[in-house]
Amino acid sequence: MTTELLFREDAYLRTASARVLAVNERGIELDRTVFYPQGGGQAGDSGMLRRPQGETIAIIDTRKGETPDRVLHVPAPASPVLQPGETVTLEIDWPRRYRLMRLHTALHLLSCVITAPVTGGNIAPDKARLDFDIDFSQLNAERIETNALIVAGAATETVWITDAELDSQPELVKTMSVQPPRGAGRVRLLRIPGIDLQPCGGTHVADIAEIQGIRVLKIRSEGKRNKRVEIALSGSD
Ligand SMILES: [Zn+2]
């Protein structure tokens with residue numbers, strides 16, 4: 001039992017129709033989905049499932065199932081219970097997801113303008129952060145210049161390589177804490193031409209100009225090897 005991950009091919013898909021495969025206390029499994037499950041530091045999607053008669057089930061979170069190609073859609077408490085075989089219409093909370101896509105892609109830029117190993121990261125709808133193994137004195141909010149890149153714009157591309165190709169180019173892996181999933185035979189990369197190339201399974205904007213701009217909220221030390229840089233989209237609180 002697997003779920004077709006529609007967001008992998010098209011991160012801009014907001015709706016789809018799908019068949020219910022299974023329902024248990026952990027969540028609802030579907031044969032295909034536009035809901036991104038929490039992973040790689042990016043929050044899981046929320047939204048709703050709609051029955052043909054119009055009844056809706058609010059989805060408050062999305063998590064990975066027992067294997068990476070299984071997805072659990074977590075319903076709000078006391079939701080109507082779906083039955084396997086039912087067909088539903090999926091609808092993600094698009095404004096929330098689009099903020100996640102913009103912030104996620106912004107972190108790729110941040111990992112390029114700060115040249116240090118990345119030790120961790122997180123993307124929430126309102127803010128995102130990366131942790132760097134860097135000397136604190138080298139981090140200065142005014143010198144973290146991503147907005148010039150954003151204004152210039154660049155189309156992002158998805159590239160697939162084999163596990164063996166990744167093994168021969170270990171420098172592609174910037175995030176020490178999150179190794180890309182191997183074993184499926186191929187690994188997905190995000191390329192921002194001339195700026196960045198790294199393994200990533202998340203959802204990104206098609207052009208970095210869509211980020212519009214970011215601001216640094218905070219820089220603080222989270223330990224000897226962890227200096228945390230927190231950002232938000234500029235113009236949003
Ligand atoms: Zn990414």
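Keep in mind it's a predicted model, so treat the numbers as computed, not measured. Hydrogens, waters and symmetry mates play no part in the numbers below; they use all other heavy atoms, side chains included. Read the numbers this way: they start at 1 and go in the same order the structure lists the ligands and their atoms.
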ask   = Just wondering, do Arg191 and Leu189 contact through their side chains at under 4.5 Å, heavy atoms?
value = no
inquiry  = Less than 2.8 Å away from the Zn ion (ligand 1), how many protein N/O/S atoms can be counted, ignoring water?
reply    = 4
request  = Sorted by first residue and then second, give each side chain to side chain donor-acceptor pair (under 3.5 Å) pair with at least one member in residues 4-15; sequence neighbours left out.
outcome  = Tyr12-Glu210
For residues 40-47, which side-chain donor-acceptor pairs fall under 3.5 Å, sequence neighbours excluded?
from	atom 1	to	atom 2	distance (Å)
Gln42	OE1	His104	ND1	2.8
Gln42	OE1	Thr203	N	3.3
Gln42	NE2	Thr203	OG1	2.8
Asp45	OD1	Arg97	NE	3.2
Asp45	OD2	Tyr36	N	2.7
Asp45	OD2	Arg97	NE	3.0
Asp45	OD2	Arg97	NH2	2.8

ask   = For residues Thr119 and Asp133, is any side-chain donor paired with an opposing acceptor at under 3.5 Å?
value = no
message = I'd like to know whether Val113 forms a side chain to side chain contact (heavy atoms under 4.5 Å, CB included) with Leu149, so could you lay out the CA-CA distance, the side-chain angles of the two residues, the decisive distance to 0.1 Å, and finally the verdict.
response = CA-CA 10 Å; Val113 299; Leu149 295 172; 3.9 Å; yes
task = Return each pair, listed once, that meets side chain to side chain donor-acceptor pair (under 3.5 Å) where at least one residue sits in residues 65-75; pairs must be two or more places apart or across chains.
result = Glu29-Arg70, Thr33-His73, Thr67-Asp69
